[in-house]
> 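Provided herewith is a single structure, encoded as structure tokens, for subsequent inquiry.
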Amino acid sequence: WKKKQKLKYEKESLGFYITGHPLDSYKDDLSKLSTYNSDNVSQVDTGSYNKSGDISLYGIITTVREKSLKNGNGRMASIILEDLNGSTEIVIYDKVLNEYYDIVKSDEPVMVECSVSKIFKDNSESSSDVTLRVIARNFQFLSDVRSSMITGFELSITNDIANSSKFTDLKNILHNFHGNIPTRLTVVNPELSKTIIALPEDLNVLPSEELLYQVDKLFGSQVSRMRL
């Protein structure tokens, strides 16, 4: 099984992930994609009293609860967005839900642009009883967000797994994903040396999750990454 399919099966059958998380392949880049996550979203500076702050959150949508509007004209939803630290509840109103419904229901990692407001009990900003309200404005696939920021495709392998057969297969994979992003190969001889090679332009690539999967599968471990 591909890792993504395996993780989806684990979540569906057990209710949680065992062998990893759908965001694992993004973890080196998450801090560059957004400064906020479920750990610090409550620290968003919303400015003056009862105003909202605009931020982006990333994650995998694990729960979608839809309901009809009271006036019968449309629907809204409440979702749970899970990241590597925890989860955040986000409200989606009718227009946004209709526009981004396919992304919301896709099971793929997403980036959500949203507004965050703090609701104080008794309408007093000095109250310690604060409810966080997060409202979605738009959705993008996290892979698309990262792709728009990529400046390079990097491979790092040790000399014990570097051989002509694997390099031939690697070349074929890179040709299959040809694009305009430059590829750089690092061959490491542990504790002795490190050789960095800028590969020729005909081995430039169009980055994708499938490219990462095929290269890592070829070498039997995670050797590839996108450079932002």
Side-chain angles (χ1 to χ4, degrees), residues 2-8 10-11 15-46 52-64 78-92 96 100 102-116 132-156 177 179 181-184 186 205-217 219 221-228:
K2 291 185 178 181
K3 182 178 180 182
K4 183 168 66 175
Q5 294 171 316
K6 185 176 183 180
L7 291 173
K8 183 178 180 181
E10 291 174 355
K11 187 70 173 181
F16 52 87
Y17 302 111
I18 297 177
T19 58
H21 192 279
L23 292 177
D24 283 346
S25 62
Y26 295 89
K27 62 184 177 183
D28 291 336
D29 303 319
L30 291 176
S31 63
K32 298 177 183 177
L33 296 173
S34 175
T35 55
Y36 289 100
N37 55 53
S38 61
D39 253 358
N40 62 13
V41 63
S42 61
Q43 300 170 19
V44 173
D45 183 2
T46 59
S52 63
D54 295 330
I55 65 168
S56 294
L57 292 172
Y58 54 78
I60 188 85
I61 297 172
T62 59
T63 302
V64 180
S78 172
I79 65 171
I80 300 298
L81 185 72
E82 180 182 310
D83 58 30
L84 296 174
N85 301 292
S87 59
T88 304
E89 183 175 2
I90 301 176
V91 174
I92 317 174
V96 174
Y100 299 103
D102 289 344
I103 297 180
V104 170
K105 298 292 286 185
S106 69
D107 292 326
E108 295 289 332
V110 299
M111 177 73 80
V112 189
E113 289 188 17
C114 44
S115 64
V116 179
L132 198 68
R133 186 169 179 81
V134 184
I135 300 176
R137 294 187 181 279
N138 68 61
F139 290 79
Q140 297 179 76
F141 289 117
L142 193 57
S143 58
D144 290 342
V145 177
R146 183 170 67 175
S147 291
S148 69
M149 300 171 65
I150 290 172
T151 60
F153 179 59
E154 302 207 343
L155 304 166
S156 181
F177 290 88
I181 299 298
T183 302
R184 188 168 68 179
T186 300
V205 296
L206 178 64
S208 69
E209 290 299 304
E210 183 64 22
L211 170 61
L212 292 170
Y213 170 76
Q214 290 193 22
V215 171
D216 291 346
K217 182 181 179 182
F219 290 99
S221 62
Q222 185 175 346
V223 301
S224 61
R225 64 181 292 270
M226 310 297 187
R227 183 176 74 250
L228 303 189

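Just so you know, residue 1 is the first one in the sequence shown, and it goes up from there. Heavy atoms only: backbone and side chains are in, while hydrogens, waters and symmetry mates are out.
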> Would you please test Ile79 and Ile92 for side-chain contact (heavy atoms from CB on, under 4.5 Å) and show each step?
CA-CA 8 Å; Ile79 65 171; Ile92 317 174; 3.6 Å; yes

> List the steps and the verdict of side chain to side chain donor-acceptor pair (under 3.5 Å) for Asp216 and Ser224.
CA-CA 6 Å; Asp216 291 346; Ser224 61; 2.8 Å; yes

> I'd like to know whether Val134 forms a side-chain contact (heavy atoms from CB on, under 4.5 Å) with Val112, so could you lay out the CA-CA distance, the side-chain angles of the two residues, the decisive distance to 0.1 Å, and finally the verdict.
CA-CA 10 Å; Val134 184; Val112 189; over 6 Å; no

> Please tell me if the side chains of Tyr26 and Ser143 come closer than 4.5 Å, counting only heavy atoms from C-beta onward.
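Side-chain contact under 4.5 Å: yes.
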
> Just jot down the salt bridge (charged side-chain N to carboxylate O under 4.0 Å, His left out) partners of Asp24, sequence neighbours excluded, or say none.
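Partners of Asp24 by the salt bridge (charged side-chain N to carboxylate O under 4.0 Å, His left out) criterion, ordered by chain and then number, come out as Lys3.
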
> Once salt bridge (charged side-chain N to carboxylate O under 4.0 Å, His left out) is applied, do any residues pair with Arg227, and if so which ones, sequence neighbours excluded?
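Once residues adjacent in sequence are excluded, the partners of Arg227 under the salt bridge (charged side-chain N to carboxylate O under 4.0 Å, His left out) criterion are Glu154.
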
> Between atom CG of Leu57 and atom CG of Leu33, what is the distance when rounded to the nearest 0.5 Å?
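Answer for the CG-CG pair, Leu57 versus Leu33, is 12.5 Å.
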
> Using distance only, find each side-chain donor-acceptor pair of residues 103-110 under 3.5 Å and give its atom names and separation, not counting sequence neighbours.
from: Ser106; atom 1: OG; to: Ile103; atom 2: O; distance (Å): 2.8
from: Ser106; atom 1: OG; to: Glu108; atom 2: N; distance (Å): 3.2
from: Glu108; atom 1: OE2; to: Lys4; atom 2: NZ; distance (Å): 3.1

> In chain order, what residues pass the ring-ring contact (aromatic ring centres under 6.0 Å, His included) check against Tyr17, with sequence neighbours excluded?
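If we apply the ring-ring contact (aromatic ring centres under 6.0 Å, His included) test to Tyr17, skipping adjacent residues, the hits are His21.
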
> Got a second to check how far Leu132's CG is from Ser42's OG, nearest 0.5 Å?
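Going from CG on Leu132 over to OG on Ser42, the span is 6.5 Å.
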
> Show the nearest heavy-atom pair for residues Ala136 and Cys114, with the distance to one decimal.
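Closest approach of Ala136 to Cys114, heavy atoms only: CA-CB, 3.9 Å.
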
> Show me the pairs that pass salt bridge (Lys or Arg N to Asp or Glu O under 4.0 Å) and involve residues 141-151, at least two apart or across chains.
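Every pair satisfying salt bridge (Lys or Arg N to Asp or Glu O under 4.0 Å) with a residue in residues 141-151: Asp29-Arg146, Arg146-Glu209.
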
> Atom CG of Asn37 and atom CG of Leu30: how far apart are they, to the nearest 0.5 Å?
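Answer rounded to 0.5 Å: 8.5 Å.
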
> Are the side chains of Asp54 and Ser115 in contact, using a 4.5 Å heavy-atom criterion?
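Result yes, sub-4.5 Å side-chain heavy-atom pair found.
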
> Please determine whether side-chain contact (heavy atoms from CB on, under 4.5 Å) holds for the pair Val215 and Phe153, giving the CA-CA distance in whole Å, both sets of side-chain angles, and the decisive distance to 0.1 Å.
CA-CA 11 Å; Val215 171; Phe153 179 59; 4.2 Å; yes

> Hey, could you give me the OG1/OH distance between Thr88 and Tyr58, rounded to the nearest 0.5 Å?
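Atom-to-atom, Thr88:OG1 and Tyr58:OH are 10.0 Å apart.
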
> In chain order, what residues pass the side chain to side chain contact (heavy atoms under 4.5 Å, CB included) check against Glu89, with sequence neighbours excluded?
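Glu89: side chain to side chain contact (heavy atoms under 4.5 Å, CB included) contacts with Ser78, Ile80.
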
